[in-house]
Amino acid sequence: MPGIVGIITQRPSDECQRLVKSMVISMEHEPFYDSGTHSEMGIYAGWVAHGDSFAAGQVFFNEEKDIALLFSGECFADPETGAELKRKGHELGEAAGSWLVHFYEEQGDRFFEKLNGLFSGLLIDKKRNRVFLFNDRYGIERIYYYEAEGEFYFASEAKALLRILPKLRQFDDEGVVQYLAFGCTLEWRTLFKDIQVLPGGSAWSFENAKCQKRKYFSPETWEAQPVLTAERFESEFQETFKSILPRYFESESKIGVSLTGGLDTRMIMACRPDSTRDLVCYTFSGEKGLTLDDRLAAQVARSCGLEHRLLRIGSDFFSDFAVHADRTVYLTDGCFGILGAHEAYFNGQARRLAPMRLTGNFGSEVLRGVSTFKPLELSQDLLSSEFRCAVDSSVREFSDSEEHAVTFAAFQEIPWNLFGSVAACRSQVTFRTPYLDNELVTLAYRAPERLRKSSLLASRLVKANEAVLSEIPTDRGFVSDNSGLGFLFRRLFAEATFKIDYYNSEGLPHGLSRLDPVLRRVSSGMGILGLHKYLPYRHWFRRELAGYVHDKLTGPQIRTMPFWNSGFLQRMAHAHIHGRKNYVREINAVLALEAVERLLFRDLSHEPSHQSNSRIERFATEPVLTR
């Protein structure tokens, strides 16, 4: 995944440059990445970027070369000052990101709070003898760090730190407990002992070997805004959404729109700028047949006069599943498990169509309070007694906390629980979503209660801006006329089929497992009407991937891990494969942590490298040791 790395230390220069190069190499996953290093003032840094991305032209300097910026992600120009700086930089032939350096010169320490986008960066200011490490408000562009004895190490991927600091190749017990409780780590903790994540909205400064840890933004600032009336909010929402959207269609590279049948991508298509050119639309799909998303997305693209492609799972996904699973865990530092093995696979196909991916991700969470974050409720029989008690305690502790709905979505659920999907995606394409734009998120806090969880706002925006799109039902049954018996029937039917589909693909309770053949027939009979889901891992673990699951769960390495009741693992494999129980979440947890231990602790001297013919080539490098 593209990002930045660095060491702030008084060590000898030659040693630090060697370590930084090793960190950079550990993040060079694809042949289309660019990379480089930069050192000055006791700062040894490096970067990796997609070759056609905003960050590829770095390092960014001012004219005097006394301010340098290493950058990851994207930052959108301020409508006034930033846009003018970008224009001047273009006229002078400067790299695309150089306007950010000039913006810092104008704004000083207020520079960080005026940035909009998903980004992280290292800014070296020789004039002030200061260095800043910073990230976006939400912490989506992760920075992992380790500090000890006056030295500070940081990287966009934890494996870069693990690569040069072997003593860190251990699990953090509390991080593992959180992972087993919720499927992710919380509060900027990681799975790795003594490695933390830079909190969102940070601008940490380094001066005279001292680190000042400050935040340039806290969500309490937005929470304090007054709530608007329904009429005023709807007016401002439509105006804001239409005004911010053009910046997400600006690109020198071709843009691919990841279309679904939902409202969030529908809003993007309804309000897309008139000047938009060279777009391709695509939808991720299963091996065969058409899902509801496939059908609806094709209708939307056709109504907009745009090309639409289906990107399907092929037979190679199953024949090479062990490779895809390992690659996913490795790319995301364990933030995405075995159930995410499809993400980099699909986005690799998407890149062949367009290197930029525009999605509707996070619209439901930010605007309508939809949440998938909840305790995993793994089988008590799976966990060792020590970890079983710790997991129960973690669930109780977090469940007692209360947050503003938008704060929880934008500053907790998305950067903690949904980060793995973004990380896997970004390994292949540049990821964009308008639903984390600062202007839109700050407005979301002002929504009156009756609109906060309603879809009416989104439906009205679509109808007001592209009426023909509002006539195409969404995957949850919404159309322009959301009233009357017809609408009620569509909604009830959509919800019923969605629930059946969920049970069929992943969520079937243990007690209903013996009804699986009936459920499969009902679900397959829904094909004409439109299946919702296309990733039936529960079935795959019983059929196409049964051998993989059995061999992994009965292997000797897993049985020695301290988290599991080892006597249960083989019984779990047999019960799931033979359809007696549904252990899809448990299988994911066990195999994901096994892959972390194997790939990131034991096997870092053999790192997955560039993908070729759907297989990961592996290469050996000499282990780098530090004192």
Side-chain angles (χ1 to χ4, degrees), residues 1 29-30 157-159 171 176 179-180 183-184 191 284 286-287 311-349 376 378 382 419-428 505-506 533-559 561 563-564 569 572-573 576-577 583-604 606-618:
M1 184 178 70
H29 308 304
E30 298 289 354
E157 298 183 26
K159 68 181 68 63
F171 279 114
V176 172
Y179 186 85
L180 296 176
C184 63
L191 288 171
F284 299 156
E287 302 168 82
L311 304 183
R312 291 191 178 277
I313 283 181
S315 60
D316 61 320
F317 179 76
F318 302 103
S319 62
D320 292 338
F321 185 78
V323 173
H324 294 302
D326 279 359
R327 183 171 178 77
T328 298
V329 173
Y330 184 82
L331 287 171
T332 66
D333 296 313
C335 292
F336 219 18
I338 309 304
L339 298 181
H342 58 277
E343 193 71 32
Y345 177 89
F346 273 131
N347 280 284
Q349 295 184 51
L376 293 180
L378 300 178
L382 172 66
F419 171 78
S421 175
V422 176
C425 168
R426 284 198 316 226
S427 72
Q428 305 301 308
S505 60
E506 59 184 271
K533 293 181 176 289
Y534 58 92
L535 298 168
Y537 276 95
R538 184 175 70 87
H539 292 301
W540 291 343
F541 286 172
R542 290 184 55 198
R543 300 194 303 271
E544 292 92 339
L545 303 176
Y548 167 84
V549 169
H550 179 271
D551 292 347
K552 283 288 187 180
L553 290 180
T554 58
Q557 187 60 39
I558 283 181
R559 291 199 299 271
M561 298 180 78
F563 320 124
W564 320 123
L569 294 173
M572 180 174 76
H576 186 92
I577 291 170
Y583 286 121
V584 67
R585 294 188 184 94
E586 287 81 358
I587 293 169
N588 179 65
V590 173
L591 299 191
L593 290 181
E594 183 276 334
V596 169
E597 197 275 339
R598 173 168 44 85
L599 298 171
L600 298 178
F601 296 167
R602 286 190 288 120
D603 205 25
L604 262 188
H606 296 80
E607 303 173 359
S609 181
H610 307 322
Q611 201 168 8
S612 175
N613 297 322
S614 302
R615 295 186 179 274
I616 301 174
E617 298 172 358
R618 300 176 68 85

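Note that the structure is predicted; figures quoted are calculated from it, not measured. Each residue takes its place number in the sequence, starting with 1. Computed over heavy atoms, backbone and side chain alike; hydrogens, waters and symmetry mates excluded.
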- Mind checking whether Leu591 and Val329 have side chains closer than 4.5 Å, heavy atoms only? no
- Flag side-chain contact, heavy atom, 4.5 Å: Thr554 against Leu569: no
- Message: For a 4.5 angstrom cut-off between non-hydrogen side-chain atoms, does Cys425 reach Val422?
- Response: no
- Please tell me if the side chains of Phe563 and Phe171 come closer than 4.5 Å, counting only heavy atoms from C-beta onward. yes
- Could you pull out the closest heavy-atom pair between Ile577 and Arg542, with the gap in Å? O-NE, 3.5 Å
- Is there side-chain contact between Glu586 and His576, with at least one heavy-atom pair below 4.5 Å? no
- Query: What pair of heavy atoms forms the shortest contact from Asp326 to Ala595, and how long is it?
  - Reply: OD1-CB, 4.2 Å
- Message: How close do Leu311 and Phe346 get, counting heavy atoms only, and between which atoms?
- Response: O-CE2, 3.1 Å
- Item | Point-to-point distance, once rounded to the nearest 0.5 Å, from OG of Ser421 to CG of Leu339 | 12.5 Å
- Message: Donor-acceptor pair, distance only, cut-off 3.5 Å: does the side chain of Asp333 make one with the backbone of Ala158?
- Response: yes
- Drop me the distance from Thr332's OG1 to Arg327's CZ, to the nearest 0.5 angstrom. 11.0 Å
- Note on the structure: Shortest non-hydrogen pair, Ala592 vs Tyr179, comes out as CB-OH, 3.3 Å
- Task: Start with the C-alpha distance between Ile338 and Phe321, add both sets of side-chain angles, then the distance that settles side-chain contact (heavy atoms from CB on, under 4.5 Å), and finish with yes or no.
- Result: CA-CA 9 Å; Ile338 309 304; Phe321 185 78; 3.5 Å; yes
- To the nearest 0.5 angstrom, please state how far the CZ atom of Arg426 sits from the CZ atom of Phe419. 5.5 Å
- Taking Tyr345 for the side chain and Gly314 for the main chain, is one N or O donor matched with an acceptor at less than 3.5 Å? yes
- Task: Can you sort out the partners of Ala573 under side-chain contact (heavy atoms from CB on, under 4.5 Å), two or more places apart, ordered by chain and number?
- Result: Leu553
- Would you give the length of the straight line joining atom CG of Leu331 to atom CD of Glu343, rounded to the nearest 0.5 angstrom? 11.0 Å
- Note on the structure: Exactly one of Lys552, Met561, Met572 clears side-chain contact (heavy atoms from CB on, under 4.5 Å) with Val590, and that residue is Met572
- Query: Which one of His29, Glu30, Gln349 satisfies the side chain to side chain donor-acceptor pair (under 3.5 Å) criterion with Gln428?
  - Reply: Glu30
- Query: Is the shortest heavy-atom distance from the side chain of Arg312 to the side chain of Glu287 under 4.5 Å?
  - Reply: no
- Query: Are any side-chain N or O atoms of His342 and backbone N or O atoms of His324, one a donor and one an acceptor, separated by less than 3.5 Å?
  - Reply: no
- Task: Return the minimal non-hydrogen interatomic distance between Phe336 and Ala424, and the atom names on each side.
- Result: CD2-CB, 4.2 Å
- Item | Residue pair Asn588 / Phe541, side-chain heavy-atom distance below 4.5 Å | no
- Taken to the nearest 0.5 Å, the spacing of Leu600 CG from Leu191 CG works out to 9.0 Å
- Query: Roughly how far, to the nearest 0.5 Å, is the CH2 atom of Trp540 from the CZ atom of Phe318?
  - Reply: 4.5 Å
- Looking only at heavy atoms, which two atoms of Trp564 and Ile558 are closest? And how far apart? CD1-O, 3.5 Å
